[in-house]
Amino acid sequence: MTDKKVRTRFAPSPTGYMHIGNLRTALYGYLYAKSQKGDFILRIEDTDRTRYVADAVDFINRTLEMAHIIPDESPALGGNYGPYVQSERMDLYRKYAEELVKSGHAYYCFCDPEEDHSAGKFGGYDRTCRDLPQDVIDEHIKNGDPYVIRQKMPLDGDTTFFDVLHGNITIPNSELEDQVLLKRDGMPTYNFANVIDDHLMEITHIMRGAEFITSTPKYILLYQSYGWDVPTFIHLAPVMGKNEDGSVSKLSKRHGATSFDDLVKLGYLPEAITNYVALLGWNPKTTNQEIFSMDELIEHFSLEGLSKSPAVFDYDKLGWINSEYFKAMDDETFTKLAHEYAGTLPDCLETNWSSLATLLKTRVQRLSDVPSEIAFLIDLPAFDADLYNNKRNKVTPEKAAEIMPKLVDLLEQDR
RNA sequence: GGCGCGUUGGUCAAGCGGUUAAGACACCGCCCUUUCACGGCGGCUUCAUGGGUUCGAAUCCCAUACGCGUCACCA
């Protein structure tokens, strides 16, 4: 098992939005694969037709590219385990679902989802079709009645699985519902497609959010039904956001800029974002270094450094890391980047932009701070004459009025 | 509510039975600097609570509290 090549995957649904938590999941998967000389796979989970967003796949590709998280196999790149888009793998899921029905691990369910079955524990209806006589099933099929295929859960006992971060986790089987594997529209559910694809694509390590912990036993049971090897699970703690009242909750749009794209627009450098996000829930252990290139992250990455408790997203720290990248940057590059955020400049500022930008380099945490930093040069607000009072240098407003014009002359000569 | 996961400073965190409980961000102060920054130095504040186990516990066990997740023909 240890000699198997490590293969991790990032499996987003195409929503057109790369949440920072998702980016981190992708990053860790990538870092682990690369640190083990393994492969990182991008797979698109588009089994919910109602949520499909046009161009979302392009968006995911572009985002990963900007973040320098480069898949070895993907819808765009192809690979030996394709197709890498679930909607193109439909036949596969049906075949495997039917196989489970035959082996007695799943069954057809003809219940109407619109009907109210809220009486029982799992909505009450999901087990009524468990033991339908074969002739009733045949009759439904003959009539062309719509159906779903549900997984048949054990009624007692419990299921245990191992998680790298949390150790053994045991959940009573009585908590497990007969989840839908194949939907009415013939599409697999996420939970089902995941198991099939991860197995077929020979994924060795599954990194995903901790919200999947309680559904993992269902996966385990599926793997066992097929007699497949169970991959290694690593459930990552969520990224939290700070609320106005001081409490924290899972990072979401109401916390402000929380997508990779939002952050880039604000003028945080992609490398800095990646760097910061890597540190949000992971620690290199062997060093106190905090500024890492992607290669360095790969070099230092290890599963042991992953944190099992949630981390709060901190804009201050991101800003500090970003400013470190600015300081390490050469003046020309910064000058050019800052100019894109400067807005329309008066001629005198435009012609002297590079000197001004050099001054800005250590004074700005993100590019979107540029306009407010230079606003006083453009608006030329009235300053309080009291500002010219400086005892130590024996300057008064009157004195300053004498000196300033001379200063202008001096500076002009200097140019 | 059932089940599951989590809990070291304001934030990210190291720590795996014996430490003055690292480091970073933020904050405060000093230095550098006729400004603002950068840089340097220093300070502040932490083991959720209660029981065990042990010569000794942030570290192991059990409760409690709090937080979070989950209980979809969404992922």
Side-chain angles (χ1 to χ4, degrees), chain A residues 11-15 22 44-51 86 109 111-114 121-123 125-126 146-150 158 163 165-167 169-194 208-218 235-242 246-250 276-291 304-305 307-321 323-324 326-327 358-365 373 376 387-388 390-395:
Chain A
S13 57
T15 59
N22 288 138
I44 304 297
E45 312 238 335
D46 59 344
T47 55
D48 183 359
R49 298 180 324 199
T50 62
R51 297 219 304 193
Q86 288 186 332
C109 176
C111 294
D112 182 353
E114 299 304 315
K121 181 171 185 180
F122 300 117
Y125 62 89
D126 60 349
Y147 64 90
V148 298
I149 293 181
R150 310 189 93 106
D158 39 42
D163 180 282
L165 261 40
H166 301 95
I169 294 175
T170 300
I171 294 185
N173 289 150
S174 58
E175 294 296 320
L176 274 25
E177 61 163 327
D178 285 0
Q179 67 171 342
V180 169
L181 266 20
L182 208 67
K183 300 187 259 188
R184 294 199 152 213
D185 63 3
M187 283 286 194
T189 53
Y190 167 84
N191 286 156
F192 184 56
N194 235 265
R208 40 155 35 167
E211 65 268 26
F212 293 107
I213 288 181
T214 40
S215 59
T216 304
K218 299 174 188 173
H235 288 98
L236 303 166
V239 177
M240 311 298 275
K242 200 175 290 172
S247 64
V248 295
S249 53
K250 197 169 171 185
Y276 174 64
V277 165
L279 260 21
L280 241 199
W282 171 78
N283 181 286
K285 301 266 188 185
T286 53
T287 170
N288 276 333
Q289 183 180 341
E290 297 202 279
I291 304 300
E304 291 71 47
S307 171
K308 58 183 169 182
S309 52
V312 178
F313 191 92
D314 181 11
Y315 289 94
D316 281 332
K317 184 94 185 206
L318 205 214
W320 174 75
I321 288 183
S323 67
E324 289 297 303
F326 285 154
K327 285 176 230 162
T358 309
L359 255 25
L360 252 22
K361 220 174 100 172
T362 56
R363 265 159 255 251
V364 129
Q365 288 219 320
E373 284 297 311
F376 74 102
L387 285 172
Y388 293 109
N390 188 315
K391 269 195 203 122
R392 186 168 152 195
N393 302 303
K394 303 186 178 93
V395 177

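When reading the values below, keep in mind they use all heavy atoms of this one structure, side chains included, and skip hydrogens, waters and symmetry mates. The chains referred to below are lettered A, B, ... by the order of the sequence lines, with proteins before strands, and numbering in each begins at 1.
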(request) Could you check whether Ser249(A) gets within reach of a base, just the sugar-phosphate, or nothing at all, counting any heavy atom under 4.0 Å? (result) nothing
(message) Taking G43(B) as the reference, what is the distance to G6(B) when you measure between their P atoms (whole Å, please)?
(response) 36 Å
(message) Could you tell me the Watson-Crick or G-U partner of U35(B), where both distances fall under 3.5 Å? Say none if there is no partner.
(response) none
(message) Against Val312(A), only a single residue in Val248(A), Val239(A), Leu280(A) fulfils side-chain contact (heavy atoms from CB on, under 4.5 Å); can you say which?
(response) Val248(A)
(request) Write down the distance separating the P atoms in A65(B) and C27(B), rounded off to the nearest Å. (result) 38 Å
(message) Closest approach to the side chain of Asp48(A), judged atom by atom: which nucleotide of G4(B), G23(B), A75(B) is it?
(response) A75(B)
(message) Quick check: closest heavy atoms across Ser307(A) and Ala237(A), and the distance to 0.1 Å?
(response) O-CB, 4.1 Å
(request) Just call it for Lys327(A): base, sugar-phosphate, or nothing, with non-hydrogen atoms closer than 4.0 Å on any strand. (result) sugar-phosphate
(message) Using atom P in both nucleotides, what's the gap between G42(B) and G23(B) to the nearest angstrom?
(response) 10 Å
(request) Could you give the distance separating C62(B) and C47(B) at their P atoms, to the nearest angstrom? (result) 23 Å
(request) Just name whichever nucleotide pairs with U20(B), Watson-Crick or G-U, keeping both distances under 3.5 Å, else none. (result) none
(message) Is it the case that the side chain of Tyr276(A) and the backbone of Asp314(A) share a donor-acceptor pair, with hydrogens and angles ignored and the cut-off at 3.5 Å?
(response) yes
(request) Take the protein atom CH2 of Trp320(A) and the nucleotide atom C1' of C38(B), then report the distance between them rounded to whole Å. (result) 14 Å
(message) Counting only Watson-Crick pairs (N1-N3 plus N6-O4 or O6-N4) and G-U wobbles (N1-O2, O6-N3), all under 3.5 Å, who is the partner of G9(B)?
(response) none
(message) I need the minimum non-hydrogen distance between Arg150(A) and Leu181(A), along with the two atoms involved.
(response) C-CD2, 4.2 Å
(request) Let me know, please, whether Thr362(A) or Leu182(A) comes out on the 5' side of the other along RNA chain B by nearest nucleotide. (result) Thr362(A)
(request) For the pair Thr189(A) (side chain) and Val180(A) (backbone), establish whether a donor and an acceptor sit closer than 3.5 Å, ignoring hydrogens and angles. (result) yes
(request) Name the closest nucleotide to the Thr214(A) side chain, picking from A75(B), G4(B), G15(B). (result) G4(B)
(request) Let me know the distance between CD1 of Ile321(A) and C1' of G23(B), rounded to the nearest Å. (result) 13 Å
(request) Starting from C1' on A72(B), measure out to CE on Met187(A) and report it in whole angstrom. (result) 17 Å
(message) Between G39(B) and C32(B), how far apart are the two C1' atoms, rounded to whole Å?
(response) 8 Å
(message) Considering every strand and a 4.0 Å limit on heavy-atom distances, what is the contact class for Ser247(A): base, sugar-phosphate, or nothing?
(response) nothing
(request) Quick one: closest heavy-atom pair of Glu304(A) and Lys285(A), and the distance? (result) O-CE, 3.4 Å
(message) Would you measure the distance from the C1' atom in U46(B) across to the matching atom in A58(B) and give it in whole Å?
(response) 10 Å
(request) Tell which nucleotide pairs with A26(B), taking only Watson-Crick or G-U wobble pairs whose two distances are both under 3.5 angstrom. (result) none
(message) Need the pair for C47(B). Rule: Watson-Crick or G-U wobble, both distances under 3.5 Å, any strand; none if unpaired.
(response) none
(message) Using every non-hydrogen atom in the two residues, find where Ile171(A) and Glu175(A) come nearest and quote the distance to one decimal.
(response) CG2-CB, 4.2 Å
(message) OP1 or OP2 of A75(B) versus the side-chain N and O atoms of Thr47(A): is any pair under 4.0 Å?
(response) yes
(message) Rounded to the nearest 0.5 Å, what separates atom CD1 in Ile321(A) from atom CD in Gln365(A)?
(response) 11.0 Å
(request) Could you measure between the two P atoms, the one in C68(B) and the one in U11(B), and give it in whole Å? (result) 15 Å
(request) Nearest whole angstrom, please: distance from the P of U70(B) to the NE2 of His235(A). (result) 12 Å
(request) With RNA chain B as reference, determine whether Val248(A) or Pro12(A) sits nearer its 5' end, using the nearest nucleotide of each. (result) Val248(A)
Please tabulate, one pair per line, each protein N/O and nucleotide N/O from nucleotides 6-13 of chain B that are separated by under 3.5 Å, including the distance.
unit_1 : atom_1 : unit_2    : atom_2 : d
C12(B) : OP1    : Val312(A) : N      : 3.0
C12(B) : O2'    : Leu279(A) : O      : 3.2
A13(B) : OP1    : Gly281(A) : N      : 2.7
A13(B) : O2'    : Asn283(A) : ND2    : 2.8

(message) Do Pro217(A) and Leu176(A) make a side-chain contact, defined as non-hydrogen atoms from C-beta onward lying under 4.5 Å apart?
(response) yes
(request) Identify the two heavy atoms, one from Phe326(A) and one from Lys361(A), that lie closest to each other, and give their separation to 0.1 Å. (result) O-CE, 3.2 Å
(request) Could you check which nucleotide pairs with G69(B) in any of the strands shown, counting Watson-Crick or G-U wobble with both distances under 3.5 Å? (result) C3(B)
(request) Starting at atom NZ of Lys218(A), determine the distance to atom P of C74(B), rounded to an integer number of angstrom. (result) 13 Å
(request) State, with a plain yes or no, whether a side-chain heavy atom of His235(A) is found less than 4.5 Å away from one of Thr216(A). (result) yes
(request) Specify the separation, in whole Å, of atom OH of Tyr315(A) and atom C1' of C27(B). (result) 21 Å
(request) List the atom of Glu290(A), the atom of Leu279(A), and the distance in Å for their closest heavy-atom pair. (result) O-CD2, 3.4 Å
(message) Roughly how many Å apart are A57(B) and A48(B), using the P atom of each and rounding to a whole number?
(response) 15 Å
(request) Please determine, for A58(B), whether a Watson-Crick or G-U wobble partner exists with both distances under 3.5 Å, and give it or none. (result) none
Enumerate the protein-to-nucleotides 63-65 of chain B contacts in which both atoms are nitrogen or oxygen and the separation is below 3.5 Å.
none

(request) Grab the CG-P distance between Asn191(A) and U70(B) for me, whole Å please. (result) 12 Å
(request) Whole angstrom is fine here: how far is it from CD1 in Ile169(A) over to C1' in U70(B)? (result) 13 Å
